[in-house]
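Excluded from the calculations below are hydrogen atoms, water molecules and symmetry mates; all remaining heavy atoms, backbone and side chain alike, are included. Just so it is clear, the structure is predicted and the values come from calculations on it, not from any experiment.
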Amino acid sequence: MSYANRKQMGSNRTASIVIVALIHIVLGYALVTGLAYNVVKKAAEDLKTFDVEDEPPPPPEEPPPPPENQPTPPPPQVVAPPPIVRTNVSTPPVVATPVAPPPVITETARPAPPAPPAPPKPVVSQAAKAKGNLLALFSDDDYPQSAIRNEEQGTTGFRLTIGPDGRVTDCSVTSSSGSAALDQATCNILKRRARYSPAKLADGSSTTGTDSGRIRWVLPAE
């Protein structure tokens, strides 16, 4: 037998085996599906259905009536538990509010009546007049030693108040010589040595008068 014939026979045998296998598969599938259908149909015919009704609930039981003339117990008292941490409660200090004293009512003093007008000054008819030359009252011996040591000299202006007796009662320096020693010496000499005719009023009575002048101080020659 040639090689070509062997090959053709092998192919035909294989095809026959495949066809036979397919036929077995188709028969097995038909057998299985038909048998399962008959079993399901038979079970459905034998199954019987019925409705289940719920039983009604029993009626509620009525509570027994309360006993007659039985006192009702009081409700329990709620007692708060004591605090875990006890704090010392301090009493607030009592602050005393001072009471203001009653106001003191003072009567307003009535204004004093106006003072009566001052009497008019007497009219001086004659002014006070020095008796002699005032410059003659001064000499080199009256020159203050402190002014000589400091070589002080100058002119002192003065104003005098003359009493009714003609004596000098007050002396004031109106312009300074620049030396306190010379100014003080001027007033001291005039108050001790000067004499005046007092001022006269219209009725001829003596009164207080004034006078003024200037004294020049020159260092004495050595």
Within 6.0 angstrom of Arg193 CZ, more than 12 heavy atoms from elsewhere: yes
Considering only Ile, Leu, Val, Met, Phe, Trp and Tyr, and joining two whenever side-chain heavy atoms are under 4.5 Å apart, list the other residues clustered with Ile162. Leu134, Leu135, Leu137, Phe138, Tyr143, Ile148, Phe158, Leu160, Val168, Leu182, Ile189, Leu190, Tyr196, Ile215, Trp217, Leu219
Identify whether the distance between the nearest side-chain nitrogen and carboxylate oxygen of Arg192 and Asp142 falls below 4.0 Å. no
Rounded to the nearest 0.5 Å, the CG atom of Asp211 sits from the NZ atom of Lys129 at a distance of 11.5 Å
Would you mind listing every disulfide (SG to SG under 2.5 Å) that reaches into residues 134-222, with sequence neighbours excluded? Cys171-Cys187
Any sub-3.5 Å donor-acceptor pair from Ser125's side-chain atoms to Leu201's backbone N or O? yes
Heavy-atom side-chain contact between Ser206 and Lys200 under 4.5 Å: yes
Lys191 side, atom NZ; Thr169 side, atom OG1 - distance, nearest 0.5 Å: 8.5 Å
Pairwise side-chain contact, Ser176 with Thr156, heavy-atom cut-off 4.5 Å (strictly under): no
When you compare the side chain of Lys131 with that of Ser197, does any pair of heavy atoms fall below 4.5 Å? yes
Given side chains that start at C-beta, do those of Glu152 and Pro144 come closer than 4.5 Å, heavy atoms only? no
Using a 3.5 Å distance criterion without hydrogens, assess whether the side chain of Ser175 forms a donor-acceptor pair with backbone atoms of Gly157. yes
Smallest separation among heavy atoms of Gly166 and Pro198, with atom names: N-CB, 4.2 Å
Quick check: closest heavy atoms across Asp165 and Arg167, and the distance to 0.1 Å? OD1-N, 3.2 Å
Tell me if the CZ atom of Arg195 is crowded by more than 12 foreign heavy atoms within 6.0 Å. yes
Note: Gly154 and Ser177 closest approach over all heavy atoms is C-CB, 3.7 Å
